[in-house]
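Before any comments, here is the structure.
Below, read A as the first sequence line, B as the second, and so on, with proteins coming before strands; counting in each chain starts at 1. Being a predicted model, the structure only gives us computed values, none of them experimental.
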Number of protein chains: 2
Amino acid sequence: MTGRYTLAETEARGANRLSHMSLDFEAMAVTSNLFRAASAVRNHFERTVLAKSGLSWTAFVVLWVTWIWEPAETREIAEEASISKATLTGVLTTLEKMGLATRSRSATDGRLVIVTVQPAGHKLMETLFPEFNRHEVDVVSDIKGDDRRALADMLRAITAKIEG
Amino acid sequence: MTGRYTLAETEARGANRLSHMSLDFEAMAVTSNLFRAASAVRNHFERTVLAKSGLSWTAFVVLWVTWIWEPAETREIAEEASISKATLTGVLTTLEKMGLATRSRSATDGRLVIVTVQPAGHKLMETLFPEFNRHEVDVVSDIKGDDRRALADMLRAITAKIEG
DNA sequence: TTGAGATTGTTTGGATGCGAACAATATAAA
DNA sequence: TTTATATTGTTCGCATCCAAACAATCTCAA
């Protein structure tokens with residue numbers, strides 16, 4: 001939760017509030033910095049790489065997942081993008097308005113909706129994704145190679161712990 | 001970006017799309033799992049610990065920051081909570097409606113708004129925050145002590161790299 | 001003292017974001 | 001065949017979330 005202030009400062013300032021509680025400040029530091037980092041990365045990417053194309057972070061992720069797996073079912077896309085199906089409905093409408101993707105009904109199961117990337121979407125991703133990846137490289141450039149793998153593994157462990 | 005599928009599966013499936021691109025899959029795995037984890041933690045906390053009190057993740061963070069630093073200026077709260085001032089305006093309105101916090105004008109600077117936690121807010125945090133922390137402990141329980149510190153440090157490094 | 005520029009919180013407009021209710025479709029057992 | 005149950009995407013209501021425009025206030029130089 002802490003941002004500008006260090007954990008030590010927060011701990012000192014919050015001493016009166018927190019001193020009588022039994023707390024694990026290291027676990028707290030993990031979740032705190034997890035969100036701080038995720039939020040910083042997201043905002044930075046939206047303001048730099050994604051700004052030109054007018055895509056939000058979520059719209060980009062949805063388009064990316066569809067691009068890799070197309071034709072893709074919406075339930076798969078929602079799962080991969082870590083968003084609810086209700087949210088996906090809105091994002092897909094946005095992508096359709098932008099002419100980047102289209103919806104169609106499944107021929108074998110009338111309940112399913114199949115999503116396909118439009119030519120404009122393919123053209124966009126062809127240049128946007130490599131650029132996106134270069135920013136990803138930049139963001140982790142202060143972390144050594146072995147540590148990057150360890151970092152990804154620990155983040156995966158957190159997700160696994162929650163989702164079972 | 002990948003969720004249910006492993007990076008290897010995505011790489012294999014996306015071979016046609018990605019094979020001709022020069023990509024760093026390890027950097028990709030970091031940002032991918034960073035968001036997957038942050039999203040999972042947030043949703044899990046909102047559905048368990050926070051559900052009873054009717055607080056969203058953001059509302060809880062804002063209340064927590066105010067609780068530690070009160071009386072707090074809104075610009076400080078927004079910075080600590082990693083949200084924009086526009087977002088904070090809405091969240092504070094929510095917290096006021098719930099009777100957990102109040103706004104007041106600064107006596108020395110008419111531009112500033114000072115936020116204070118109400119008695120109901122104090123009472124809530126007294127039990128909610130320790131419970132919140134117990135869930136934080138649970139979430140990182142599969143990661144060893146030393147690794148937890150390393151994890152927090154690397155996440156801090158990512159944020160620092162972006163925010164300078 | 002005064003007026004240009006800086007700072008702050010709110011408003012506006014638009015896009016997520018989710019749970020719950022819903023209608024359409026599919027599946028299963030009787 | 002029929003009927004109860006399950007699954008899927010959308011709609012609805014509401015709460016974030018941000019950039020940009022805005023009004024109020026402060027600062028500081030002339």
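- Checked by atom type, the side-chain pair Ser22(B)/Arg134(A) shows no donor-acceptor distance below 3.5 Å.
- In this structure, CG of Leu112(A) is placed 13 Å from P of dT7(D), rounded to the nearest angstrom.
- Gly110(A) comes within 4.0 angstrom of sugar-phosphate atoms only, judged by non-hydrogen atoms across all strands, and of no base.
- Minimum heavy-atom separation, Arg36(A) to Ser82(B): NH1-OG, 2.6 Å.
- Between Arg75(A) and Glu79(A), none of the side-chain N atoms (NZ, or NE/NH1/NH2) sits under 4.0 Å from a carboxylate O, so this pair counts as no salt bridge.
- Set against dG17(C), dC17(D), dC26(D), the side chain of Arg111(B) has dC26(D) as its closest nucleotide.
- At the phosphate of dG17(C), OP1 or OP2 sits under 4.0 Å from a side-chain N or O atom of Arg42(A).
- The residue among Thr89(B) and Asn43(B) whose nearest nucleotide of DNA chain C lies closer to the 5′ end is Thr89(B).
- When the side-chain nitrogen and oxygen atoms of Arg47(B) are compared with OP1 and OP2 of dG17(C), none of them lie within a distance under 4.0 Å.
- Atom CD of Glu79(B) and atom C1' of dG9(C) are 16 Å apart (whole Å).
- One atom, CD of Glu73(A), and another, C1' of dG9(D), lie 12 Å apart when rounded to the nearest Å.
- Distances shown here put a side-chain N or O of Thr87(A) below 4.0 Å from the OP1 or OP2 atom of dC18(C).
- Look at Thr74(B) and you won't find any side-chain N or O under 4.0 angstrom from OP1 or OP2 of dT8(C).
- Side-chain atoms of Thr89(A) and Arg103(A) form no donor-acceptor pair, as typed in the model, at a separation below 3.5 Å.
- Contact annotation: Arg103(A) side-chain N/O to dT10(D) OP1/OP2 distance is under 4.0 Å.
- Remark: P of dG9(D) and CD of Glu76(A) are 9 Å apart, rounded to the nearest angstrom.
- Between dT16(C) and Ser56(A), a contact under 4.0 Å exists linking OP1 or OP2 to a side-chain N or O.
- Between Thr66(B) and Ile77(B), the closest heavy-atom pair is OG1-CD1, 3.4 Å.
- Thr94(B) has no side-chain polar atom (N or O) that falls below the 4.0 Å cut-off from OP1 or OP2 of dA15(D).
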